Number of protein chains: 2
Amino acid sequence: MATIQDVARRAGVGVGTVSRVINNSPLVSDTTRARVQAVIDEIGYRPSTVARALSLGHSSIITVVAPFLTDPSVVLRLRGVASVVRESEYDLVLYDVEAPEQHAARLDDAIYGGRSAAVIVMSLAASGAIAQKRESSKVPLVWVDRRIDGVPCLTIDDHEGGRLAARHLLELGHRHIGFIGDRPDERFGFTSGDDRFAGFCEEIAASGLAVPGGYVRRVAHGMEDAATAMGELLALPDPPTAIFATSDLIAYGAIEAARARGVRVPGDLSVVGFDDIAMSAHIGLTTVRQPLFESGSRSAELALAMLAGDDVDTTAEWDLPLELVERSTTGPHR
Amino acid sequence: MATIQDVARRAGVGVGTVSRVINNSPLVSDTTRARVQAVIDEIGYRPSTVARALSLGHSSIITVVAPFLTDPSVVLRLRGVASVVRESEYDLVLYDVEAPEQHAARLDDAIYGGRSAAVIVMSLAASGAIAQKRESSKVPLVWVDRRIDGVPCLTIDDHEGGRLAARHLLELGHRHIGFIGDRPDERFGFTSGDDRFAGFCEEIAASGLAVPGGYVRRVAHGMEDAATAMGELLALPDPPTAIFATSDLIAYGAIEAARARGVRVPGDLSVVGFDDIAMSAHIGLTTVRQPLFESGSRSAELALAMLAGDDVDTTAEWDLPLELVERSTTGPHR
DNA sequence: TTGAAAGCGTTACCAA
DNA sequence: TTGGTAACGCTTTCAA
């Protein structure tokens with residue numbers, strides 16, 4: 001691989017001049033620039049980003065830490081990040097965490113090892129190490145999906161999301177409404193499912209109704225478990241006529257289970273999901289839409305702004321808007 | 001951020017010794033090691049990966065270049081890569097390409113800018129620059145989904161995949177079989193759709209039948225277009241009783257369109273997809289399964305092996321096995 | 001407008 | 001078993 005030295009030698013200039021050409025500094029005469037550029041093109045020289053980062057004291061990498069690719073909603077967020085990072089001078093590095101505690105050290109590396117210009121963390125609780133050292137580091141941090149003190153956060157109002165779903169079902173005349181949610185995940189410290197449930201119950205209570213304990217199910221993993229849970233609910237002597245599922249994937253599972261038993265959706269059973277992942281529009285799922293793609297793109301914009309030295313309010317917390325999108329898995333109670 | 005110098009000073013040793021401790025070289029006495037380690041822990045020192053990479057002459061990054069996240073099949077491949085890279089000492093960097101020609105320069109950077117220890121390219125034709133410089137670089141390259149001379153490739157036999165689908169439909173007694181495929185994508189230089197079509201036609205021809213031109217549709221993007229195409233096919237005076245779709249997404253669109261018109265699947269229409277993405281098992285789609293996850297994990301293993309200095313045959317071409325998985329969207333012709 | 005040289009934080013070699 | 005020091009390839013002063 002050719003180095004800046006090689007270019008300098010062949011062009012008959014100093015390395016400083018070559019550097020200036022690369023970074024198009026105005027302090028180079030046109031003729032010199034042309035000569036240097038010719039050599040660069042000729043030998044196909046590429047500056048080493050590593051050396052550059054070392055010299056500059058910062059890298060050109062934006063690191064995303066996420067339980068990535070396990071869930072379509074994360075993928076959609078990632079697409080948002082990528083769409084913004086792609087247009088910048090930064091590169092996108094993905095750190096996927098399966099079990100945060102195992103990877104605390106590597107995660108630490110990513111954030112404090114000089115590897116990242118900025119870090120975006122998605123759907124994870126703050127690890128002790130991160131929270132602790134946060135102050136001492138100059139690396140811009142953005143948190144998506146969780147609230148962390150002193151770090152700009154992009155969140156949604158899960159509570160309100162739950163209310164939205166309940167209200168929709170209530171307005172359709174349903175009185176027997178069930179709930180299938182994620183089991184609270186200690187690994188990642190998620191509480192969003194609980195919050196959605198709380199909002200859901202509140203709204204129902206506001207109508208003078210209640211959610212019977214027997215109508216509530218918590219499942220560990222996506223569709224399969226959700227289908228099983230739905231089967232149990234349907235086997236009840238007085239089964240619910242509507243279901244709020246805390247993710248689209250859970251909703252898919254529930255619908256599948258219902259249809260497999262000859263229960264028509266939305267004829268006999270209405271189902272509302274949460275997320276609005278790409279597939280849901282096609283399946284016609286009624287769902288509480290959260291701006292997944294946008295949460296990604298905005299987190300990247302925030303990181304870029306902090307990198308550019310813009311004054312980003314690190315105590316800010318952006319609540320992204322939720323919206324019930326009504327499609328064809330919910331209908332009036334008969 | 002603390003440096004190796006700080007550690008050396010505080011521990012009263014030379015930087016060399018600290019370096020040896022970090023990289024647990026045996027050439028350090030136990031007492032010295034303990035003392036240095038104590039200082040490291042105390043001040044929370046993290047070696048700079050950037051400086052390390054510069055000194056070593058290679059980074060600890062495995063770069064994946066892919067039209068990533070646009071397609072569930074790519075995501076599944078990525079998961080395969082991540083599962084392997086996660087267990088190694090390398091980090092995963094994602095370069096998403098929307099339009100390869102626009103990003104040729106940055107792609108070049110990734111491969112030849114000293115940024116990557118190894119590069120895995122997915123679902124892309126070789127750009128001129130890459131092919132051209134390949135020889136001059138020591139960076140291990142692995143190609144997935146395309147055949148490139150001199151680079152280890154992980155591919156499938158698209159032709160055979162087409163035959164598999166046709167055979168299945170033929171065996172079920174179908175004689176009027178339609179085809180909905182991807183439009184050949186010049187941007188990424190894909191020909192897999194054509195190959196699948198060729199194999200499909202051949203197998204049908206072997207039965208003494210033929211695929212009427214009117215039964216063949218090419219669509220640009222996923223489900224929506226596929227649904228439209230299916231609608232057209234269904235509107236034909238003598239519509240097909242079975243469809244081979246060259247991707248699961250296209251199959252979803254076709255099924256959706258059929259059901260929307262009251263055409264039962266598989267009662268009135270059988271549909272075979274291609275890929276077997278995660279959702280397909282749940283939807284019950286009959287499809288030609290290609291080992292997506294495995295193609296990712298194996299490409300990463302290959303890259304790791306080359307990095308470890310193992311002698312990988314760079315002329316090798318691994319054809320991953322295809323398999324028809326029969327589920328509930330195909331049935332006997334009535 | 002340019003060249004020379006000092007640093008950036010490591011690793012690895014050479015002496016001790 | 002150690003410490004000192006020359007790389008690694010770049011950016012950025014400082015002089016000229």
Side-chain angles (χ1 to χ4, degrees), chain A residues 1-37 39-40 43-61 89 91 109 112-117 137-139, chain B residues 1-37 39-40 43-61 89 91 109 112-117 137-139:
Chain A
M1 288 283 84
T3 73
I4 201 171
Q5 286 284 358
D6 301 328
V7 176
R9 223 178 343 257
R10 287 181 72 132
V13 299
V15 292
T17 301
V18 178
S19 176
R20 286 175 207 115
V21 170
I22 297 170
N23 301 290
N24 29 30
S25 144
L27 303 171
V28 190
S29 73
D30 287 348
T31 63
T32 308
R33 179 184 307 280
R35 185 152 40 99
V36 171
Q37 191 57 56
V39 173
I40 288 176
I43 67 178
Y45 163 74
R46 293 274 163 188
S48 154
T49 48
V50 171
R52 180 157 215 276
L54 180 59
S55 181
L56 249 25
H58 63 256
S59 81
S60 63
I61 285 177
E89 59 190 321
D91 287 325
D109 265 11
Y112 306 107
R115 192 207 287 303
S116 316
S137 158
K138 291 266 107 329
V139 179
Chain B
M1 289 280 84
T3 72
I4 200 171
Q5 285 285 359
D6 301 329
V7 176
R9 223 178 343 255
R10 287 180 74 132
V13 298
V15 292
T17 301
V18 178
S19 177
R20 284 176 209 115
V21 171
I22 297 169
N23 300 289
N24 28 30
S25 145
L27 304 170
V28 191
S29 73
D30 287 348
T31 63
T32 307
R33 179 186 306 280
R35 184 152 40 98
V36 171
Q37 190 59 55
V39 173
I40 290 176
I43 66 178
Y45 162 75
R46 293 273 162 188
S48 153
T49 48
V50 172
R52 179 158 216 276
L54 180 60
S55 182
L56 249 26
H58 62 256
S59 80
S60 63
I61 284 177
E89 60 190 320
D91 288 325
D109 266 11
Y112 306 106
R115 192 207 289 301
S116 315
S137 158
K138 291 267 110 323
V139 178

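All values reported here derive from a predicted model rather than from experimental measurement.
Within 4.0 Å (heavy atoms only), Leu56(B) reaches sugar-phosphate atoms of the nucleic acid but no base atom. Residue contacts for Val28(A): at a heavy-atom cut-off of 4.0 Å it reaches the sugar-phosphate backbone alone, with no base atom in range. Val13(A) comes within 4.0 angstrom of sugar-phosphate atoms only, judged by non-hydrogen atoms across all strands, and of no base. Among the heavy atoms of the strands lying under 4.0 Å from Ser19(A) is at least one base atom, whether or not backbone atoms are also near. When heavy atoms are screened at a 4.0 angstrom cut-off, Gly57(A) is found touching no nucleic acid atom at all.
Donor-acceptor pairing under 3.5 Å, judged by distance alone, is present between the side chain of Ser55(B) and the base of dT10(C). At a cut-off of 3.5 angstrom, counting only N and O atoms as typed in the model, there is no donor on one side facing an acceptor on the other between the side-chain of Arg46(B) and the base of dG9(C).
Rounded to whole Å, the distance from CZ on Arg52(B) to P on dT10(C) is 10 Å. One can place CD of Gln5(A) at 12 Å from P of dT11(D), the figure rounded to the nearest angstrom. Look at CG on Leu27(A): it is 11 Å from P on dT12(D), rounded to the nearest Å. Spacing between atom NE2 of His58(A) and atom P of dC8(C) amounts to 16 Å, rounded to whole angstrom units. Note: CZ (Arg20(A)) to P (dC14(D)) measures 13 Å, nearest angstrom. Following rounding to the nearest Å, Asn23(A) (CG) and dC10(D) (C1') show an atom-to-atom distance of 9 Å. Going from atom CG of Asp30(A) over to atom C1' of dT2(C) covers 15 Å, rounded to whole Å. Rounding to whole angstrom units, CG of residue Leu54(A) and C1' of dA6(C) are separated by 13 Å.
The closest side-chain heavy-atom distance from Val39(A) to Val18(A) is not below 4.5 Å. Side-chain contact between Arg33(A) and Asn24(A) is present, with heavy atoms from C-beta onward closer than 4.5 Å.
Scanning both residues, Ile43(A) and Ala2(A), for their nearest heavy atoms gives CD1-CB, 3.8 Å.
Contact annotation: Thr49(A) does not reach the phosphate of dC10(D) (side-chain N/O to OP1 or OP2, under 4.0 Å). Contact between the side-chain N/O atoms of Thr17(A) and the OP1/OP2 oxygens of dG3(C) is found at a separation under 4.0 Å.
Checking Arg33(A) against Val15(B), the closest nucleotide of DNA chain C that is more toward the 5' end is the one next to Arg33(A). Place Ala51(B) and Gly16(B) on DNA chain C by their nearest nucleotides, and Ala51(B) ends up nearer the 5' end.
Residues satisfying the side-chain hydrogen bond (donor to acceptor under 3.5 Å, both in side chains) criterion with Thr32(B), sequence neighbours excluded, are Ser29(B).
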Decide side-chain contact (heavy atoms from CB on, under 4.5 Å) for Asn23(A) and Ser19(A); before the verdict, give the C-alpha distance in whole Å, the side-chain angles of both, and the deciding distance to 0.1 Å. CA-CA 6 Å; Asn23(A) 301 290; Ser19(A) 176; 3.5 Å; yes
